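Taking it in order: structure first as structure tokens, then the write-up.
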2 protein chains.
Amino acid sequence: MNLQQLRPVRETVRCGFNLTEVARRLHTSQPGISRQIRELETELGVPIFARAGKRLLGLTEPGRKVLPLVERMLENAVNLKRCGDEFALQGHGTLTISTTHTQARYLLPRVVRDFRQAHDGVVLHIHQGAPQHVAQMLRSGDADIGIATDILTSYEDLVTLPCYRWSYCAVVPHGHALADGQPLTLERLAAFPLISYDAAYTGRTHIDEAFRQQGLVPNFIILAMNADVIKTYVELDMGVGIVASMAMEGRSAGDLVAVDASHLFEGNVTHIAVRRSAFLRAYEFDFITQFAPQLTRDVIEQAMHSAEPAA
Amino acid sequence: MNLQQLRPVRETVRCGFNLTEVARRLHTSQPGISRQIRELETELGVPIFARAGKRLLGLTEPGRKVLPLVERMLENAVNLKRCGDEFALQGHGTLTISTTHTQARYLLPRVVRDFRQAHDGVVLHIHQGAPQHVAQMLRSGDADIGIATDILTSYEDLVTLPCYRWSYCAVVPHGHALADGQPLTLERLAAFPLISYDAAYTGRTHIDEAFRQQGLVPNFIILAMNADVIKTYVELDMGVGIVASMAMEGRSAGDLVAVDASHLFEGNVTHIAVRRSAFLRAYEFDFITQFAPQLTRDVIEQAMHSAEPAA
DNA sequence: TATCCTTACGGAATTCGTAAGCATG
DNA sequence: CATGCTTACGAATTCCGTAAGGATA
């Protein structure tokens, strides 16, 4: 058996069973891929892929059983390499974070600054995307650490740790009727055209839920993907923005005013996640602890090695 | 990286860092071993073994970190192969049980008979040894399933499941003073020369403990490794035997009489164990369930995938 | 001096890419 | 006929065992 034979198998599934594309992705020839797959199949004694004539259709029953083991194997190989690198490169390395806009824009800068100071040999990649994209990057091994709200909790192969709780605030232009110092209510909010996050993002469900429970129908006129866009439209006086409160920290001095709305909507919890079976390098532990101080190395390791809280 | 490079590393540790012996054990040449180790070290970029000149002394610090990953990798390779075999051989295969004498002699026969009936293509190996030997065979991958009392509980890489509780009985020749129908007491027992298990076996600690707590000093004249030996000496009228009660089931009709002692000594629990990261074939689940009906496939899988009950 | 690891070298086996073949939508 | 997988073949590489070398107890 050979690790060379495993990569094509994993990639074939990811590429929708098109060997030509697998070859392209793995930078090798298509017959090579074809052969390695068949070699593994002969060695294991079972067909992994279902074929119609010369075309691959999907996984066979043994294939479905074998695939997770193949993936585990490949992940172990990466872990082994990483473990070596940690000592070999002594603090140098790469760290890929996948996260949503809100985190990347408002929470990470401080953490990243401190992290760079402590680990100036580590090259940091920060990917930004929708929460489910974050999860996918983590699971495929394209990212080491994922930071997002909610969504990450549902995957068994990820370990998801709560970091902190946050809530929303309304954003209005200076002198707006809602900035009169009176406490905000859902009724008052619903009277204005609203601008907030698109449904796929940042716990929008909690916003909708709050209005629904009060029997109110909010008038969302723009659904944006991040707070910067929302604020831009608010500045154009197109409506009242509802954004994560950290997007307005230290911003009330500008043209916009933040009005606390934490009592109106259920709070969201930002989570940080890693692959359960990943080998974390020392600086990865450091990063996580810097992002959420209560998540010390011990806490993280314990969470990774313990089971799901009721699967 | 290559699986060929990993095996020598694991074996080197097991052989006490003697490459010549590693080569012998892996049926290859010594320079080959030497090279593969160095190749892996170069690829990882760190030395795995500490060397004094040309001699290997032990693991380096990176080596200690790398070793468990190497072992996991090799185990995964075995799992993958097994997974294939399960489909390819359709019910054929091998099952290696490592267990203590008491289990092998008195409990397993019934289970093995039923198992063979259900899986006549599976070749069954039954190894017998001391409890710690059982654990060792399991951990090294030389056995698939281990059955023993107590000891197995302490390893993190093993999943240990309780099967049933048992206790002791005294064994005396027909017409012996202790076979008078009166309930047995520790005092009465201590008055006779005793024959029981060697300290390394089958929960001897509970026997010693019971006497100690009553301030009695039992007079053990023979410490044997299994009940058959003990019974032989009892038949020669050399003393009173104390054996696991299942060793006397359906035996009171012979020359020997069993006298219940379950109220005198704390009960022992027989455990069944597998490697936590093993891939269990269908017939392995079957075997376990046949040995302990409450251990269904679901129960076993849940235990394997969940964490230790407080590490 | 015996043990034990490394280096050197050459033959064997494996690997891999190109080119051609063939089935299918 | 375009796409997609397999087969065929030859070059390049890798692998591996034998033999010699050198260090250490």
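Convention: sequence-line order gives letters A, B, ...; per-chain numbering from 1. It should be emphasised that the depicted structure is a prediction, and the values quoted were computed from it without experimental measurement.
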Gap between atoms [atom1] and [atom2], on [X] and [N] respectively (whole Å):
| X | N | atom1 | atom2 | answer |
| --- | --- | --- | --- | --- |
| A:R7 | C:dC16 | CZ | P | 11 Å |
| A:L57 | C:dT24 | CG | C1' | 12 Å |
| A:R24 | D:dT3 | CZ | C1' | 14 Å |
| B:R51 | C:dC5 | CZ | P | 10 Å |
| B:E21 | C:dC4 | CD | C1' | 13 Å |

Note to self: Using a strict threshold of under 4.0 Å (side-chain N to carboxylate O), is an ion pair present between A:E11 and A:R7?
What the structure shows: no
Margin query: Salt bridge check, A:R281 against A:E284: does any charged N sit closer than 4.0 Å to a carboxylate O?
Written below: yes
Next item on the list: Go along nucleotides 14-25 of chain D 5' to 3' and tag each nucleotide: B for a protein heavy atom under 4.0 Å from its base, S when only backbone or sugar atoms are that close, - otherwise.
Entry: -SBBBB-BSBB-
Check: Can you check whether A:R38 has a side-chain N or O nearer than 4.0 Å to OP1 or OP2 of D:dC5?
Finding: no
Note to self: With a 4.0 Å cutoff (strictly under), does any side-chain N or O of B:N18 reach OP1 or OP2 of C:dT3?
What the structure shows: no
Check: Heavy atoms under 4.0 Å, any strand shown: does A:F17 hit a base, just sugar-phosphate, or nothing?
Finding: sugar-phosphate
Margin query: Side chains of A:E71 and A:E75, heavy atoms from C-beta outward: is any pair under 4.5 Å?
Written below: no
Margin query: With heavy-atom distances below 4.5 Å as the criterion, would you say the side chains of A:E41 and A:I37 are in contact?
Written below: yes
Item checked: Closest non-hydrogen atom pair between A:T99 and A:I147, with its separation -> OG1-O, 2.9 Å
Check: Going by atom types only, do B:S140 and B:D142 share a side-chain donor-acceptor pair under 3.5 Å?
Finding: yes
